[in-house]
Novice: 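Have a look at this one.
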Amino acid sequence: MKFFLDTANLDEIKAGAALGIVDGITTNPSLVAKEGKDFKTLVAQICEIIPGPVSAEVVSTTCDEMMKEARTLSKIAPNIIVKLPTIPEGVKALKICTAEGIKTNLTLIFQPLQALIVAKSGATFCSPFLGRLDDIGQDGMALIHDIRHIYDNYGFKTEILAASLRHPMHVVEAAKAGADVGTMPFSVFKMLLNHPLTDIGLEKFLADWKKLQA
Ligand code: E4P
């Protein structure tokens with residue numbers, strides 16, 4: 001499973017990149033707004049740090065307007081993925097993007113049929129939001145299982161990008177369910193390698209080694 005960071009913060013992106021295990025970035029209008037910087041400049045900076053896919057989201061709600069944004073965004077860097085909302089106008093725009101060779105990430109997916117439709121329309125990534133389903137008492141992980149099953153039935157190449165991951169167990173379960181990508185905030189990413197027994201074990205190894213030197 002690929003690891004994407006779900007952030008538009010350059011410090012977090014640089015710190016993640018330094019570890020060498022960040023395969024891509026997802027942003028959304030809320031994350032970009034938090035940074036208070038010019039959108040296109042920020043996205044270009046992110047693309048320079050991370051060579052993998054970088055999702056940048058449109059903010060229009062009609063196909064024509066989305067396409068204007070999609071064409072502009074896709075010219076920022078070769079690794080830009082245009083993020084479109086999974087609404088009827090977004091699906092119309094998706095078909096045009098697919099025809100024009102613009103890579104896409106269909107966002108705000110909450111049920112399997114949305115995922116099926118965007119795969120049929122050539123989406124590069126589909127983004128089911130697990131955490132937000134869990135928040136309203138639904139089973140977010142079941143959605144990943146359903147989408148994996150459907151995509152495998154038909155051999156769709158659209159990658160399942162498990163989004164809205166809130167803790168490391170979401171990442172583990174998404175990997176077991178066969179998600180192609182997990183995108184997570186930096187706070188979750190930092191926890192991926194942590195285990196108290198690793199720290200305790202290392203401390204003991206080093207203490208024993210010191211004894212030998214003495
Ligand atoms: C993914 O592309 C989204 O930006 C993100 O995962 C949403 O997460 P949230 O529900 O924690 O805002």
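Positions are given from 1 along the sequence. We count ligands from 1, going down the list as the structure has it; atoms in each ligand are counted the same way.
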Novice: Suppose I only count heavy atoms of Thr26 and a 4.0 Å limit; which atoms of ligand 1 are within that range?
Specialist: 2 (O)

Novice: Could you check atom 2 (O) of ligand 1 against the protein and tell me its nearest heavy-atom contact, residue, atom and distance included?
Specialist: Lys83 NZ, 2.6 Å

Novice: Do the side-chain N and O atoms of Thr7 and Glu12 include a donor-acceptor pair separated by under 3.5 angstrom?
Specialist: yes

Novice: With heavy atoms of Arg166 as the reference, note each atom of ligand 1 found under 4.0 Å away.
Specialist: 9 (P), 10 (O), 11 (O)

Novice: To which protein heavy atom is atom 12 (O) of ligand 1 closest, and what is the distance rounded to 0.1 Å?
Specialist: Arg132 NH2, 2.8 Å

Novice: Could you tell me which atoms of ligand 1, counted from 1 in the order shown, lie closer than 4.0 angstrom to a heavy atom of Ala163?
Specialist: 1 (C), 6 (O)

Novice: Does Thr107 come within less than 4.0 Å of ligand 1, judged by its heavy atoms?
Specialist: no

Novice: Give a yes or no on whether a salt bridge exists between Lys211 and Asp208, defined as a side-chain N under 4.0 angstrom from a carboxylate O.
Specialist: yes

Novice: Decide whether an N or O pair under 3.5 Å exists between Thr27 and ligand 1.
Specialist: no

Novice: Would you mind listing which atoms of ligand 1 come within a distance below 4.0 Å of any non-hydrogen atom of Asn28?
Specialist: 3 (C), 4 (O)

Novice: Would you kindly say whether Ser55 and Thr26 are connected by a side-chain donor-acceptor distance under 3.5 Å?
Specialist: no

Novice: Looking at atom 8 (O) of ligand 1, what's its closest protein heavy atom, distance included?
Specialist: Ser164 CA, 3.4 Å

Novice: Test of understanding: clusters of I, L, V, M, F, W, Y form through side-chain heavy atoms closer than 4.5 Å, transitively. Do Leu165 and Leu192 belong to the same one?
Specialist: yes

Novice: When you check the gap from the basic side-chain N to the acidic O, do Asp180 and Arg148 get nearer than 4.0 Å?
Specialist: yes

Novice: May I ask you to check whether Ser60 and Glu69 show a side-chain donor-acceptor distance below 3.5 Å?
Specialist: yes

Novice: Does the plane of the ring in Phe186 sit parallel, tilted or perpendicular to the ring in Phe189? Use 30° and 60° as the thresholds.
Specialist: parallel

Novice: For atom 5 (C) of ligand 1, which protein heavy atom lies nearest, and how many Å away is it?
Specialist: Asp6 OD2, 2.8 Å

Novice: Is Met184 close enough to touch ligand 1? Criterion: a residue heavy atom under 4.0 Å from a ligand atom.
Specialist: no

